[in-house]
Amino acid sequence: MEAAYDPQRVESEWYSRWEAAGVFAPEINPDGEPFCIVIPPPNVTGSLHMGHALDLSIQDVIIRRKRMQGYAALWLPGTDHAGIATQIVVERELAEEGVDREELGREQFIEQVWAWKAKFGGRITEQMRRLGFSTDWSRERFTMDEGLSEAVKKVFVDLYDADLIYRGNRIINWCPRDRTAISDVEVIHEDETGELVHILYPFTDGPGGIEVATTRVESMLGDTGVAVHPDDERYSGVVGRSVTLPLVGREVPIVADDAVDSDFGTGAVKVTPGHDLLDFEIGQRHGLEAILILDEGGAINENGGSFAGLDRMDARTAVKAALQAEGAVVRVEEHLYSVGHCQRCDTIVEPYLSDQWFVRVGPLVGPAIEAVRSGDIRFSPQRWEKTYFHWMENLRDWTISRQIWWGHRIPAWYCDECGETIVAVAAPRRCQCGSTSLRQDEDVLDTWFSSGLFPFSALGWPEDTDDYRAFYPNSVLVTGYDIISFWVARMIKLGLYFTGAKPFADVVIHGMLRAEDGRKMSKSVGNTVDPLVVVEEHGADALRLALMQAASPGQDIPFSEEWVEAARRFGNKLWNAVRFGLRHIAPGSVPADGGYPERPGPEEAWILSRLYDTVGRVDELLDEFRFSDAYGLLYNFAWSEMFDWFLEMSKAPLRRGDTSIGETVGVVLRDVLKLFHPAIPYVTEELWSELVGDGYIASTSWPRPPKTDGPADFESLRTLIVGIRRFRAEHGLSPRRELEVGLYDPDGAAAEWWNDQFESLAAVAPVPLSEPPSGAPHARVVAGQVQAFISLEGVVDVDAERERLARAIAELEASLAQSDKKLGNPQFVEKAPRDVVAKEEEKADASRARLEKLEAQLAELR
RNA sequence: GGGCGCUUAGCUCAGGGGGAGAGCGCUUCCUUGACGCGGAAGAGGUCCGGGGUUCAAAUCCCCGAGCGCCCACCA
């Protein structure tokens, strides 16, 4: 075995061997009970970021453990066509070559995107391989695959037939840069300080006027009314009258509507039905015309008169100036309000009246809420259910059409002759009116429409495939809280509606990875950390273990390279522990499972009992998706107990040629490798090949050590050894300095095996005493009934030891005083549980006994 | 306007009614044949503040402060 741990070397070969051996591809029969996770499909043109690394590391830990536990464990990978995001990327690329999308035309452009996908679509999946994720690539899916596209069409047509999809002329969010509609969840609201401009609209039929206020002054070009609250006495006389718009000259009515908030501003609101949702609704109720004043690129159109051609932001300035020139501006004040930005390109979005397709979500919401409320689907941590409910209960219809080219084209055709709309899976040849002049809708579907089907469409639905039958519903879904509304909620709604079953049983929500300073990682701030760079430096195992240790459920994580370094040191430690083992055990001699000694020696019994306990607790924690707790516990077991104590304790027996303890070293090391394998697959596989050499750790069984009772006197031994070490440290004695130590043991608890350990761990050879020594001064280390007496003669200054003792006595007295106070409280003795009281009594007794001995010793030293 | 989260060691964070923890950093010692990417022994904490419940509160409840996030038709 290589002397030094080199992550890059260790991580270079295993992945292709796992893949070639089909380790990640489950057989439905007879491998066992199915267990399935589908990946949140990343953008096909993207590259792996830290968030992916966290998300996928969690999934790999879950799936690798389940696989080891004997489940037919499927982790299904895939990528998302990511409509707008991908189109933007390809457009930008073409623009650099001087090619314009419009010039190219739709078909050619789409060809270009497919070419782009062919060229770069493998990048992110290669990166996933580098990180060691055990997805079954033989089942890889792409959201625009033929099968998945069929599923999309079927879902669209079925929802249309059920009147759950409709086309309508509504106010939607429009991104002028991307020139498409986007859904509510794709709008990011940010608070910004702008101007609230108060304008006086003069009455048409007389003097005076009505004052309105707006943050988007240019929208007044499209005003077709003014609204006030019906109960607002200030305006009771003006409802029914009309005002004349400055600049525009249009005469518009004053209406009364409940939606108006009398307490805001002047209590009168200008109504722009074409560019505001509330105004649209008011307009509908009062028959006000909706006038569009913006074109698709966000510039003022011909309805804006002399302002036509100006970008909306320039128009804002120009219209305000023109109004001021007319004296129509009453005042201008600063105003904090929230502005919607496009999630993809950060452009300010506009409310925009347009023809779009919508999913009527109302009827889908009830079952989706019930599935979570009843516990059929569980969120973990549970508090994220609140977010889910809150979002579900406040839903508006989902805008699903996008005015872009890359995506699933809407399966709707319009007849040129009669205007009929035909929605069908296959392109219709002729209309019912007989016409063959049919045009397909130009729009494509929101990307999330297809990803919302992924848990079942990726398994072959609507075909009744073996995979669908075996792996649906999925077992677990792992994702960040940022896409609960985009994705999780929609999968639940659509899954329940179309399959009649929940899409998954557990939803594991993790936090966002942040930069070291706690801020969001963002390309524009320039504080992103590329996981592949980290992997190159420290290895995939180190990054993965660091993420798992930091992944406190549902909580954001500031990324810190220090953690990765620490995790890599753990890999190094593990490496060297196995290297130590192999000095005493023949390579390949450790069985792949079992092999626990039937009559373990005391050191072995201790570590086996600790192993048993650790496996039990780790299993509980992992079943509850508490990854950081589980790996924290494992880390401490491996390092503090297995390596620092047991391996050290094994040295003396091994030197004597004790083969039994060698077997135990091998078996426990093997189980440590197994327990860590889901998090750090590479180094554990490499070490497995050295230690066990049989098959792959990736497809072996999860540890199941037998229940073993550790030796009752282990803690006494440990106390004495630590005490002697401490004695040396506090007196500045070299670890090599010989000490005369006598061991007084009235109960005979100090067995023979202790001698080895004293020699090995404390570098002393204790002499058994039949009674406590008298005369010459001694330091004393007390562990229950057993006491170690360290001769002070010629070793340390008696004064120094006296001081040391005095400090120990003071500490002990303080703790004893606390115990006595508790035990002296009758309320405590009566009301506290018996075991708590008993424990406290034990503690007090032990302290008292120890104190007595220390005081006796102090007296001896005078 | 509504909701959620966080506040614990110098730093970054776990924990969650009865012994205050980890990593990193810090101090002292150690060239023992697994590992100095290591070992041993330590120092360091009014668990944000104030009330309450309880025999017992860092932990549960209420109030407050600071920070962060999400949602909302904030003209």
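Just so it is clear: chains get the letters A, B, ... in the order the sequence lines come, proteins before strands, and each one is counted from 1. What you see is a predicted model, and the numbers here were worked out from it, not measured in a lab. Hydrogens, waters and symmetry mates are skipped; everything else that's a heavy atom, side chains included, is used.
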Distance in angstrom units between A:L336 CG and B:rA72 P, rounded: 17 Å
Can you find a side-chain donor-acceptor pair between A:T272 and A:D223 that sits under 3.5 Å? yes
Could you tell me how far B:rG3 sits from B:rC62 if I compare only their P atoms? Round to whole Å. 13 Å
Residues A:E801 and A:R804 bridged, charged N to O under 4.0 Å: yes
Could you check whether A:Y388 and A:W384 have their ring centres less than 6.0 Å apart? no
Ignoring hydrogens and angles, does a donor from either the side chain of A:S338 or the base of B:rC74 sit under 3.5 Å from an acceptor on the other? yes
Separation between the C1' atoms of B:rC30 and B:rG66, rounded to whole Å: 46 Å
Atom pair distance, as rounded to whole Å: CD1 in A:I188 and P in B:rC70: 8 Å
Here's a test of your reading of the structure: between A:R725 and A:E516, which maps to the more 5' nucleotide of RNA chain B? A:E516
Determine which bases of RNA chain B form Watson-Crick or G-U wobble pairs with both distances under 3.5 Å, and write the result as a 5' to 3' dot-bracket string with | for other-strand partners. (((((((..((((....[..)))).(((((.......))))).....(((((..]....))))))))))))....
Please lay out, stage by stage, how A:S815 and A:Q818 fare under the test side-chain hydrogen bond (donor to acceptor under 3.5 Å, both in side chains). CA-CA 5 Å; A:S815 126; A:Q818 269 199 326; over 6 Å; no
Salt bridge A:R718-A:E715, side-chain N to carboxylate O under 4.0 Å: yes
Given A:H538, which partner from the list A:Q8, A:E561, A:R569 fulfils the side chain to side chain contact (heavy atoms under 4.5 Å, CB included) test? A:E561
Protein-to-nucleotide contact annotation, 5' to 3' order, nucleotides 23-39 of chain B [B base; S sugar-phosphate only; - none; under 4.0 Å, heavy atom]: SS--------BBB-BSS
Least distance between heavy atoms, A:W645 atom then A:S640 atom: CD1-O, 3.2 Å
Taking only Lys NZ, Arg NE, NH1 and NH2, and the carboxylate oxygens of Asp or Glu, determine whether A:D820 and A:R848 approach each other closer than 4.0 Å. yes
Determine the interatomic distance between C1' on B:rA20 and the same-named atom on B:rG52; round to the nearest Å. 24 Å
Closest-nucleotide 5' rank along RNA chain B - winner of A:W384 and A:W645: A:W384
Within the structure shown, what part of the strands sits under 4.0 Å from A:R216 by heavy-atom distance: base, sugar-phosphate, or nothing? nothing
If you look at every strand shown and take non-hydrogen atoms under 4.0 Å, does A:P826 touch a base, only sugar-phosphate, or nothing? nothing
Any salt bridge between A:E686 and A:R9, counting N to O under 4.0 Å? yes
Between B:rC6 and B:rC24, how far is it from one P atom to the other, in whole Å? 26 Å
If I pick the C1' atom on B:rG68 and the same atom on B:rC48, what distance separates them, to the nearest angstrom? 15 Å
